[in-house]
Amino acid sequence: TTTTTTTTTTETTPRRGEREIATTARADAASRRGATTTTETRRARELRRALPDAPAPVVDASARASIAIERTLGPAWERYAPARVRETVAAQARAERASGYALYAGDGGPEAELAIYAAAAFYLIAKPGVVPWAFDQTVANAVGRALERKFDAASVRRGRRLGAGSFGTVFEAEDSKSGRTVVVKQSNAVEGASELQNAEAYINRRVARAPLVAAGCAKFLGTYYEVEGARSPCLVWAREEGDATLEDFLEDRGFPDALEDALGIRARDGDDEAKRANRCAKKIMRDLLGTVAALHDIGIVHRDLKPSNLVLMGKRFKLIDFGAACDLRSGENYDPEQGLLDPKYSPPEQFIMSEKTPAPPPLVAGVLAPLLWTIAQPQLFDSYSAGLILLQLGVPQLRGKNVMAPNGAFQRRLEDAGYDLRKWRADVESALNWDFSALDVNGGIAWDLACRLVTKRNILRRGRLDVGAALAHPFLLA
């Protein structure tokens, strides 16, 4: 009997304690729900007074959203935001309440005040983004610098030369510390090369901090100085499998056989060469435009899109060579009177913005970037170059080594046609019997995209398709 009584007591006590705990938890939850409901009601009442004409569901949803944001971001705001910033925001909120939420709108009332704040918020996040620029230049920059790999000249052993340009030479190399094969670029001993090398280092760091862009570009690892006191560093990238460029594939007489193998595209039974080339072009353009659109989203214009700057890495072509790129958030590598470009692939305007546009200091550039971007549309420079690459993929007669030369027949005829591809096509089809069958597949949607990219800007500096909009074209969605 004693044993049974003890066991019952032992089992009953935890059950009773569990019930008490559960009851207390339910009471706490109910209390929190009640507090939440009270807060939402009070917030909704405040919003209704400020915006009497707003629909009740909108007011209630806004109240719930503001409370959710406050609870989610509030602790981080209190912990990480500088005290001066918090004080400024709090003072602004008090001034708004005291003015009846019409501090700036005056007689316009709370609705006009809300419109002012909405316009300001839109400007701050509009492409290429004042707020993202501020974050990139502070937090992201500090983190990127801390994570950047350190190299030194003694540990980097150069191998064969991979390529050379007017301002720099690229080598294969081995980093003896890690045992990895890398790619190294050294500036040439010519005027302006050091400045461009420093600018390219800056742009590559920007790209490395933007995951969506970095995924479509050669992986930047860091820099080192060849000798102490050098005016510019050597740039280091990871050496990925494959080093063939799109230019190499375009010049291959067996096109598109090797390109299909490289991209992992299987030829379908019954497909002729036109359909196979069209499928390769779709894959390449989708990857290229996706990378360039992400690049534009962070305020960078490449200015040197061409087949030789697209290197096969894995099963896709990745973008390289940011020596001509400019960052319009900071003004880095932007000179209104100097156009860094390859005349074979540059648009007729040759400058990303008007030559009268001054080069502002970095802080001013960051604040004014959305305005300049909206007015000048600098990203359309890259759109034209991308369109020429699509033409080369689709028209066999444009795949030769020097066929895109500034004084060649293609450029002259295109200029004579007023940069209207349809007029140009009518000319070369009748006079030269050129083959456009790859662009005419599926009703000619690839040709339509080419016509929207390779065209002259109008008086408003528009008239050419943005690469972001091009990604939504039926050719790339089909």
- Item | CD (Glu251) with more than 12 external heavy atoms under 6.0 Å | yes
- Could you tell me the separation between the CG atom of Asp448 and the CG atom of Leu421, rounded to the nearest 0.5 Å? 10.5 Å
- Just by distance, with hydrogens left out, do Asn188 and Thr169 show a side-chain donor and acceptor under 3.5 Å apart? yes
- Query: Has the side chain of Lys177 got a donor or acceptor atom that lies under 3.5 Å from a matching backbone atom of Asp152?
  - Reply: no
- Item | Test item: Gln197 side-chain N/O and Cys234 main-chain N/O as donor-acceptor pair under 3.5 Å | no
- Message: Less than 4.5 Å apart, side chain to side chain, heavy atoms only: is that true for Phe436 and Val428?
- Response: yes
- Message: Quick check on side-chain hydrogen bond (donor to acceptor under 3.5 Å, both in side chains): which of Arg316, His302, Lys318 does Thr291 satisfy it with?
- Response: Arg316
- Taking atom types as modelled, find out whether Gln137 and Arg329 have a side-chain donor-acceptor pair closer than 3.5 angstrom. no
- With a 4.5 Å heavy-atom cut-off, do Ile320 and Lys185 have their side chains touching? no
- Message: Can a side-chain donor-acceptor contact be found between Tyr202 and Ser330 if the only test is distance below 3.5 angstrom?
- Response: yes
Side-chain donor/acceptor pairs under 3.5 Å, residues 388-397, sequence neighbours excluded:
residue: Gln392; atom: OE1; partner: Tyr345; partner atom: OH; Å: 2.6
residue: Gln392; atom: NE2; partner: Tyr345; partner atom: OH; Å: 3.4
residue: Gln392; atom: NE2; partner: Leu398; partner atom: O; Å: 2.8
residue: Gln397; atom: OE1; partner: Asp435; partner atom: N; Å: 3.3

- Task: Any side chain to side chain donor-acceptor pair (under 3.5 Å) involving residues 368-379? Give me the pairs, sequence neighbours left out, ordered by first then second residue.
- Result: Trp373-Gln379, Gln377-Gln379, Gln379-Asp466
- For residues 367-385, the salt bridge (Lys or Arg N to Asp or Glu O under 4.0 Å) pairs (sequence neighbours left out) are none
- Message: Between Asn198 and Glu195 (side chain of the first, backbone of the second, donor and acceptor by atom type, cut-off under 3.5 Å), is there such a pair?
- Response: no
- Message: What I'd like to find out is whether the side chain of Tyr384 reaches to under 4.5 Å of the side chain of Val454, using heavy atoms alone.
- Response: yes
